[in-house]
Asker: 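Just passing along the structure, written as structure tokens.
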Amino acid sequence: MAVMGRPETPAVTGEAVERLVSPVNSHTEWDPLEEIIVGRLEGATIPSDHPVVTCNVPPWAGRLQGLAAGFRYPRVLVEQAQQEIDGFVALLESLGVTVRRPDAVDHRRRFGTPDWTSRGFCNTCPRDSMLVIGEEIIETPMAWPCRYFETHSYRPILKDYFRRGARWTAAPKPQLTDELFDPDFRIPKDGEPMRYILTEFEPVFDAADFVRAGRDLFVTRSNVTNRMGVDWLRRHLGPEYRIHEIESRCRTPMHIDTTFVLLAPGKVLVNPEYIDVDRLPDILSSWDVLVAPEPDPIDEALLKVTSMCGKWLSMNVLMIDERRVIAERHHTGMLRALEKWGFEPIPCDLLHYSPFGGSFHCATLDVRRRGLLQSYFD
């Protein structure tokens, strides 16, 4: 018998046919959370120098990153972040959530294709390299060469899910040759037309540029997700799903989860700096649009220099269900706003994870949530 609307997958074992129920089942950002993958810090390496890596930062920061590329992250950064991620995992487990972790990897090892070579980065953010749609996990075609084989550290988990009945798909592996990147790219100034470093040479996208509301997904184009990547996913999912583009005013866009955050049916959190609420898709006209408060300032000098994320990381929350939400303890303004909007915030520390790519939503991939595929819009 199928469970919670999940299709059964027949598995042939000898002459018997066994009916498997997929352990993967996640349709939204808010259904009750049962199982999640959390990233690892071990082996984290400063990403290899490439225009698609440095295009979002000021020139001085790009030069600094180029000098440090391929070296291990300093221990002082890793140790503080490790304490916080361990506490986050313990919190999830105390809430009854099953936590899975990828293998530790030596990201300094060099790899390549016939066209280029690179060292790795880290596997701190499973949200980027894999997208869960219902019972399917899709490995995404990421644009950073240093992340080309990042999902390999998750392969034991993916193979386990597949054997137990999940669908496991990989988007076409991109070539990542020079044709994909605009050699004349520069960050557009305020008032200038938006432009991106990516061309439409081939499909690329990070899963973190998408959020899910049942049969509807929302996406931002960015410097890691091109229109061809959005089109690939739209065709792959077929007419059962709709994908809506969210216009972002961010001059250096990368990932939707500090711009447009789905909290619960009928409630979306938006970044007032990046989003013009009057230009949201018409499908959201009946939803409550909650405007994020100004983030609390970060006084720690080292974090100001090393964070890979903007100040709006305060929005990078993780829904446990439609009411409970894990949010950064430092951002008291966000905690108060969530309470005012009827949520139950659970404060947790993850401030020092930002040099490795994000916070609670970035650091996780919700694999199983208790819910059915449905539409949340008229």
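Everything numeric in this text was worked out from a predicted model, so none of it was measured. Numbering starts at 1 and runs along the sequence shown.
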Asker: So, using side-chain hydrogen bond (donor to acceptor under 3.5 Å, both in side chains) as the criterion, who are the partners of Arg249 when residues are at least two apart?
Answerer: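 Testing Arg249 for side-chain hydrogen bond (donor to acceptor under 3.5 Å, both in side chains), a comparison that skips the adjacent residues, returns none.
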Asker: Find out if a path of hydrophobic residues (ILVMFWY) with successive side-chain heavy-atom gaps under 4.5 Å connects Tyr73 to Ile85.
Answerer: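 Yes.
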Asker: Check whether any side-chain N or O of Asp31 sits under 3.5 Å from a backbone N or O of Arg369 as a donor-acceptor pair, and report yes or no.
Answerer: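 No; judged by distance alone, with no hydrogens or angles, the pair does not exist.
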Asker: For the backbone of Thr252 and the side chain of Asn223, can you confirm whether one donor and one acceptor N or O come within less than 3.5 Å of each other?
Answerer: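 Such a contact is absent between Asn223 side chain and Thr252 backbone.
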Asker: Could you list the residues that satisfy side-chain contact (heavy atoms from CB on, under 4.5 Å) with Val289, not counting sequence neighbours?
Answerer: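 With sequence neighbours excluded, Val289 shows a side-chain contact (heavy atoms from CB on, under 4.5 Å) to Val268, Val270, Val277, Leu280, given in chain and number order.
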Asker: Apply side-chain contact (heavy atoms from CB on, under 4.5 Å) to Arg75 and list each qualifying residue two or more places apart in sequence or on a separate chain.
Answerer: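 Only Glu79 meet the side-chain contact (heavy atoms from CB on, under 4.5 Å) criterion with Arg75.
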Asker: Who pairs with Phe210 by ring pair (Phe, Tyr, Trp, His ring centres under 6.0 Å), at least two apart in sequence or on another chain?
Answerer: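 Applying ring pair (Phe, Tyr, Trp, His ring centres under 6.0 Å) to Phe210 gives Phe205.
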Asker: Can you list everything that forms a side-chain hydrogen bond (donor to acceptor under 3.5 Å, both in side chains) with Glu273? Sequence neighbours excluded, please.
Answerer: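 With sequence neighbours excluded, Glu273 shows a side-chain hydrogen bond (donor to acceptor under 3.5 Å, both in side chains) to Trp312, given in chain and number order.
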Asker: With a 3.5 Å distance limit and no angle check, can you tell me whether Trp144 reaches the backbone of Val52 through a side-chain donor-acceptor pair?
Answerer: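 Yes, the answer is positive, given that a donor and an acceptor are paired below the 3.5 Å cut-off.
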Asker: Is Ile298 reachable from Tyr353 through a run of hydrophobic residues whose side-chain heavy atoms are each under 4.5 Å from the next?
Answerer: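 No, Tyr353 and Ile298 fall in different hydrophobic clusters.
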Asker: Please give me the minimum heavy-atom distance between Cys146 and Ser118, naming the atom from each residue.
Answerer: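 So the two residues come closest at CA-OG, 3.5 Å.
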Asker: Can you find a heavy atom in the side chain of Arg212 that is under 4.5 Å from one in the side chain of Asp366?
Answerer: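 Yes, at least one pair of side-chain atoms sits under 4.5 Å.
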Asker: Checking the side chain of Asp209 only, and the main-chain atoms of His255 only, is there a donor and an acceptor separated by less than 3.5 Å?
Answerer: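 Yes, Asp209 side chain to His255 backbone: donor-acceptor pair under 3.5 Å.
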Asker: Tell me, do Thr98 and Val367 make a side-chain contact under 4.5 Å, heavy atoms counted?
Answerer: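 Thr98 vs Val367: side chains apart.
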Asker: Side chains of Val211 and Ile246, heavy atoms from C-beta outward: is any pair under 4.5 Å?
Answerer: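 Not touching, per the 4.5 Å side-chain cut-off.
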Asker: Look only at the side chain of Arg195 and the backbone of Phe185, and say whether a donor-acceptor pair between them is shorter than 3.5 Å.
Answerer: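 A pair under 3.5 Å: no.
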Asker: Is the backbone of Thr364 close enough, under 3.5 Å, to the side chain of Arg127 for a donor and an acceptor to pair up by distance?
Answerer: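 Between the backbone of Thr364 and the side chain of Arg127 there is a qualifying donor-acceptor contact (under 3.5 Å).
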Asker: Check whether the side chains of Arg108 and Thr45 place a donor and an acceptor atom closer than 3.5 Å, and report yes or no.
Answerer: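 Side-chain D/A pair, Arg108 to Thr45: absent.
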Asker: Got a second to check how far Asn226's CG is from Arg221's CZ, nearest 0.5 Å?
Answerer: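 Going from CG on Asn226 over to CZ on Arg221, the span is 7.0 Å.
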Asker: Among Glu200, Glu202, Glu245, exactly one meets salt bridge (charged side-chain N to carboxylate O under 4.0 Å, His left out) together with Arg227. Which residue is that?
Answerer: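 Of Glu200, Glu202, Glu245, salt bridge (charged side-chain N to carboxylate O under 4.0 Å, His left out) with Arg227 is met by Glu245 alone.
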Asker: According to ring pair (Phe, Tyr, Trp, His ring centres under 6.0 Å), who are the partners of Trp287, at least two apart in sequence or on a separate chain?
Answerer: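 Only Phe377 meet the ring pair (Phe, Tyr, Trp, His ring centres under 6.0 Å) criterion with Trp287.
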Asker: Distance from Gln80 atom CD to Leu303 atom CG, nearest 0.5 Å?
Answerer: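 CG of Leu303 is found 7.0 Å from CD of Gln80.
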Asker: Distance-only, no hydrogens or angles: does the Arg101 side chain make a donor-acceptor pair with backbone N or O of Gly39 under 3.5 Å?
Answerer: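 Judged by distance alone, yes, a pair lies under 3.5 Å.
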Asker: With sequence neighbours excluded, what pairs up with Tyr241 under the ring pair (Phe, Tyr, Trp, His ring centres under 6.0 Å) test?
Answerer: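 With neighbours one apart ignored, the set is empty.
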Asker: Measure the CG-CG distance between Leu131 and Leu233 for me, rounded to the nearest 0.5 Å.
Answerer: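 Separation between the atoms: 6.0 Å.
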Asker: Using only atom types and a distance under 3.5 Å, with no angle test, would you say the side chain of Asn316 pairs donor to acceptor with the backbone of His361?
Answerer: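 Between the backbone of His361 and the side chain of Asn316 there is a qualifying donor-acceptor contact (under 3.5 Å).
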Asker: Using atom types as modelled and distance alone, determine if a side-chain donor or acceptor of Arg251 lies under 3.5 Å from a backbone N or O of Ile187.
Answerer: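 Side chain of Arg251 to backbone of Ile187, a donor-acceptor pair under 3.5 Å: no, none is there.
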Asker: Do Pro253 and Thr220 make a side-chain contact, defined as non-hydrogen atoms from C-beta onward lying under 4.5 Å apart?
Answerer: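 Heavy-atom side-chain distance check fails, nothing below 4.5 Å.
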Asker: How would you list, by chain and number, every residue that makes a side-chain contact (heavy atoms from CB on, under 4.5 Å) with Thr113, sequence neighbours excluded?
Answerer: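 Per chain and number, Thr113 pairs via side-chain contact (heavy atoms from CB on, under 4.5 Å) with Asp115, Trp116, Tyr148.
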Asker: Which residues pass the side-chain hydrogen bond (donor to acceptor under 3.5 Å, both in side chains) test with Glu240, sequence neighbours left out?
Answerer: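 Glu240 satisfies side-chain hydrogen bond (donor to acceptor under 3.5 Å, both in side chains) with Arg215 only.
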Asker: Roughly how far apart are Thr199 OG1 and Leu180 CG, rounded to 0.5 Å?
Answerer: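 Thr199 OG1 to Leu180 CG: 5.0 Å, rounded to 0.5 Å.
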Asker: Calculate, to the nearest 0.5 Å, the distance between atoms OG1 and CG belonging to Thr28 and Asp321 respectively.
Answerer: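 Answer for the OG1-CG pair, Thr28 versus Asp321, is 10.5 Å.
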Asker: Indicate whether any N or O donor in one side chain lies under 3.5 Å from an N or O acceptor in the other, for Glu300 and His330.
Answerer: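 The answer is no; no qualifying pair exists.
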Asker: Between Arg110 and Ser48, does any side-chain donor sit less than 3.5 Å from a side-chain acceptor?
Answerer: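 Short answer, no.
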Asker: Less than 4.5 Å apart, any side-chain heavy atom of Ser129 and any of Met142?
Answerer: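 Yes, at least one pair of side-chain atoms sits under 4.5 Å.
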Asker: Would Thr259 and Glu247 count as a side chain to side chain contact (heavy atoms under 4.5 Å, CB included) if you check the C-alpha gap in whole Å, the side-chain angles of each, and the deciding distance to 0.1 Å?
Answerer: CA-CA 10 Å; Thr259 297; Glu247 293 183 32; over 6 Å; no
Asker: Begin from the C-alpha positions of Phe121 and His107 and carry the test ring-ring contact (aromatic ring centres under 6.0 Å, His included) through to its verdict.
Answerer: CA-CA 6 Å; Phe121 173 34; His107 293 280; 7.7 Å; no
Asker: Met315 versus Asp257: any side-chain heavy-atom pair under 4.5 Å?
Answerer: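 No. Closest side-chain heavy atoms not under 4.5 Å.
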Asker: Return the CG to CD distance between Asp349 and Gln83, rounded to the nearest 0.5 Å.
Answerer: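 That separation rounds to 10.0 Å.
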Asker: Whether the side chain of Glu84 engages the backbone of Leu351 through a donor-acceptor N/O pair (distance < 3.5 Å, no angle test) should be reported.
Answerer: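 Here the side-chain-to-backbone pair exists.
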Asker: According to the interplanar angle, ranging from 0 to 90°, do the rings of His236 and Trp232 count as parallel (below 30°), tilted (30 to 60°) or perpendicular (above 60°)?
Answerer: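 If you compare the ring of His236 with that of Trp232, the planes turn out parallel.
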Asker: List for me each residue that meets side-chain contact (heavy atoms from CB on, under 4.5 Å) alongside His152, sequence neighbours excluded, and say none if there are none.
Answerer: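 side-chain contact (heavy atoms from CB on, under 4.5 Å) check on His152 returns Phe149, Arg155.
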Asker: Side chains of residues 337-344: which donor-acceptor pairs under 3.5 Å do they make with residues two or more places apart or in other chains?
Answerer:
unit_1	atom_1	unit_2	atom_2	d
Glu344	OE2	Arg323	NE	3.4

Asker: Is it true that Thr225 and Asp206 share a donor-acceptor pair across their side chains at a distance under 3.5 Å?
Answerer: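 Absent: no donor and acceptor within the cut-off.
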Asker: Could you walk me through whether Asp106 and Arg119 satisfy the salt bridge (Lys or Arg N to Asp or Glu O under 4.0 Å) test, starting with their C-alpha distance in whole Å, then the side-chain angles of each, then the deciding distance to 0.1 Å, before giving a yes or no?
Answerer: CA-CA 10 Å; Asp106 178 9; Arg119 298 187 192 274; over 6 Å; no
Asker: Considering only heavy atoms from C-beta outward, does the side chain of Phe201 approach that of Gln175 to under 4.5 Å?
Answerer: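 With C-beta onward as the side chain, the pair touches.
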Asker: For Glu35, check side-chain hydrogen bond (donor to acceptor under 3.5 Å, both in side chains) against everything at least two apart and list the hits.
Answerer: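 If we apply the side-chain hydrogen bond (donor to acceptor under 3.5 Å, both in side chains) test to Glu35, skipping adjacent residues, the hits are Tyr161, Arg368.
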